[in-house]
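Down below is the structure, laid out as structure tokens.
Residue numbers run from 1 in the order of the sequence given. Atoms within a ligand are numbered from 1 in the order they appear, just like the ligands themselves.
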Amino acid sequence: MNILFCAAEMAPLVKVGGLGDVIGGLSRALVQRGHDVRVVIPLYGAIDRSHHQVKPTSVRLVVPTKGKEEPASIWTTTVPGGVRVYLVEHDSYFGGSQVYTANDLDRFWYFSQACLELLGHLPWKPHVLHCHDWHTGGVISLLKSDLRHGPRYRSVASVFTIHNLGYQGWFDYPWAAEAGILGHIPPREHPLHPFLWRTTALGIYHADAVSTVSETYAQQILTPEYGEGLDAVVRHRLEDLYGIVNGIDYEEFDPAADPHLPVTYNIGRMEEKRNLKGTLQAHVGLPTEVETPLLGSIGRLSRQKGIPILVDGIERLLAKGPAQLVVLGEAPAGEEAYEEMLRALEARHPTQVRVIARTDESLARLIYAGSDLFLMPSLYEPCGLGQLIALRYGTVPVVRRTGGLADTVLEHPIMGNGFLFDGATDGADLVRTLERALSLFRQKEQWQRLVARAMSSDVSWHRASQKYEDLYSQAVKIHKEREGTLG
Ligand code: GLC
């Protein structure tokens with residue numbers, strides 16, 4: 001099948017969070033299965049053009065956006081694994097060093113319009129247009145409503161994937177009027193009318209099929225508690241809603257061949273993993289103690305990630321006995337308070353806690369490899385990739401039972417690969433679970449067996465890419481039926 005992805009990030013070209021990893025890993029897995037997958041992303045200033053061999057093409061687009069016409073030049077490259085990427089150049093929107101900024105609605109609206117324009121200029125036609133998160137939800141409603149390009153567009157089926165319903169691309173009436181999309185929103189009498197003023201809602205409402213990145217999150221977003229104000233729109237699509245758990249790229253994340261690590265290891269060579277623990281402790285300036293359990297945590301320092309639970313849980317844990325914690329991640333604009341909370345914890349326990357507030361891929365790999373346990377106390381988690389990487393690196397995950405964390409971590413005496421807790425109000429439940437984990441940690445043989453099970457959990461893209469194939473076939477079928485009813 002021919003599939004065109006439209007997204008805001010793609011590893012290895014540009015990655016801020018899990019979205020980038022998924023676009024890179026899933027596209028490559030589908031290419032390996034024989035599909036022709038191509039990806040469109042913006043050409044950010046942050047992308048290293050010479051390193052990734054990003055070259056200009058002769059394609060120039062005129063992009064209608066909010067009553068104006070703006071130019072776009074298309075660049076291209078093929079990333080390792082054979083995925084062809086098109087990059088949309090517009091310097092005043094994307095030329096800066098930041099991937100995300102304060103004016104993202106207008107930037108990604110322009111990008112969405114450019115994706116649609118590009119579709120008309122490619123000497124190649126996708127069977128399915130696959131858009132990801134709020135940045136490109138609008139491409140789907142534009143595709144459906146914009147028949148300027150005639151029947152060529154009509155036969156393209158669409159899939160919208162929700163990676164995180166917490167980010168929605170809100171707009172208001174004047175903005176929609178200027179963008180010329182009032183017709184994308186059903187009339188005032190329609191029960192969903194009040195909810196559709198967000199690009200992510202347009203994607204969910206108009207796509208032929210909708211998916212999200214785990215089975216549990218697919219159930220959760222049907223409820224007001226997790227629906228972020230869009231549960232009614234999600235429920236409207238219940239019949240066409242799929243939950244597919246993400247994988248990780250086994251070549252990219254491989255403890256036996258990770259170029260970021262000073263030494264590599266595998267299930268038969270675990271001595272090196274123990275050495276990496278010492279390397280990590282020394283690197284972040286914590287005492288190099290082999291027996292002290294070392295806990296790692298990596299991710300956005302945002303509300304979603306349950307930082308207050310983490311801080312309270314660690315505070316309680318340190319009152320009971322020795323342990324170390326390394327946290328790596330940045331707070332998004334407006335959520336700096338979470339970084340402050342962690343810094344205060346570090347100030348209270350300077351020889352046990354280290355907080356490194358930046359993104360640093362090499363250090364991230366050292367934390368995945370060198371820690372004993374990996375913490376994810378998320379309030380909600382559509383899928384979560386950190387726990388999958390931790391499993392692959394033999395670092396036992398301790399996670400809150402929500403979303404994709406509940407679907408990928410199993411606590412069980414014989415079959416388990418990690419530990420789960422429920423409490424969301426404070427760290428009481430987390431610390432009980434950590435004590436359970438640490439009592440096993442002290443029983444060396446049992447712990448080794450648990451680590452081996454973690455490392456042999458299948459967290460690859462293999463299963464998921466088959467499920468995406470089914471989803472694409474389903475979307476094509478739904479599209480044909482819908483087209484039939486349109487006449
Ligand atoms: C978002 C979600 C995360 C998910 C990722 C990729 O970052 O918060 O749970 O794993 O997207 O789908």
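- Between K467 and D470, no side-chain nitrogen of the basic residue sits less than 4.0 Å from a carboxylate oxygen of the acidic one, so the salt-bridge criterion is not met.
- Within the model, atoms OG of S457 and CE of M415 stand 11.5 Å from one another, a figure rounded to the nearest 0.5 Å.
- Residues E381 and K305 are paired through a salt bridge, judged by an N-O separation under 4.0 Å between the basic side chain and the carboxylate.
- The shortest N or O to N or O distance between C383 and ligand 1 is below 3.5 Å.
- In this structure, G384 is part of the shell of residues with a heavy atom less than 4.0 angstrom from ligand 1.
- Put simply, OG on S211 and CD1 on I244 are 5.5 Å apart, with the number rounded to the nearest 0.5 Å.
- The shortest contact between atom 2 (C) of ligand 1 and any protein heavy atom is with H163 O, 3.2 Å.
- Ranking protein heavy atoms by distance to atom 3 (C) of ligand 1, first place goes to E381 OE2, 3.4 Å.
- Heavy-atom neighbours of Q53 CD from other residues, nucleotides or ligands within 6.0 Å: at or below the threshold of 12.
- In the vicinity of V22, heavy-atom distances shorter than 4.0 Å reach the ligand 1 atoms 6 (C), 12 (O).
- Residue Q304 holds the heavy atom nearest to atom 8 (O) of ligand 1 of all those in Q304, M376, E9.
- The one candidate from D208, V156, V128, V159 that meets the side chain to side chain contact (heavy atoms under 4.5 Å, CB included) condition with H479 is D208.
- Counting the atoms of ligand 1 from 1 in the order shown, those under 4.0 Å from a heavy atom of P382 are 2 (C), 8 (O), 9 (O).
- With a 4.0 Å cut-off on non-hydrogen atoms, N246 touches ligand 1 through its side chain and not its backbone.
- A salt bridge links R365 with E252: the closest approach of a Lys/Arg side-chain nitrogen to an acidic carboxylate oxygen falls below 4.0 angstrom.
- Using a 4.0 Å cut-off between heavy atoms, R300 contacts ligand 1 through its side chain alone, with no backbone atom that close.
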